[in-house]
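Note that the structure is a prediction, hence the values are computed from the model and not measured.
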Amino acid sequence: MPDYSDYILFGTFQWTRVVSLTAFWPPENALHRWFEELLDAFDGMGRAQPPRSAL
């Protein structure tokens, strides 16, 4: 279960995800899996803003 420190780091990485033109982790990376889980938290609220690379 994520806690405060997860959400603090997630916010920083979410900002990077939204403004970056490239992915910053390969899919096999443990941090990628952690980040994907938090993107899906709260019914996928983290995915509401698409990454710039997808635009």
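In this view, E36 and R47 satisfy the salt bridge (Lys or Arg N to Asp or Glu O under 4.0 Å) rule, not counting sequence neighbours.
I8 and F42 end up in different hydrophobic clusters when Ile, Leu, Val, Met, Phe, Trp and Tyr side chains are linked at under 4.5 Å. If you chain together hydrophobic residues whose side chains sit under 4.5 Å apart, V18 and Y7 never meet in one group.
Distance check, rounded to the nearest 0.5 Å: CZ of F35 to CG of D40 gives 10.5 Å. Between the CD atom of Q14 and the CG atom of L39 there is a distance of 5.5 Å, given to the nearest 0.5 Å. Between atom CG of residue L31 and atom CZ of residue F13 there is a gap of 6.0 Å, rounded to the nearest 0.5 Å.
Within 6.0 Å of atom CG in D43, 12 or fewer heavy atoms from other residues, nucleotides or ligands are found, so the atom counts as exposed in its surroundings.
Applying the side chain to side chain donor-acceptor pair (under 3.5 Å) definition to pairs two or more places apart or across chains, those involving residues 24-34 are D6-W34.
Put simply, the side chain of P2 reaches to within 4.5 Å of the side chain of L38, judged on heavy atoms.
Between G46 and F10, the closest heavy-atom pair is CA-CZ, 4.4 Å.
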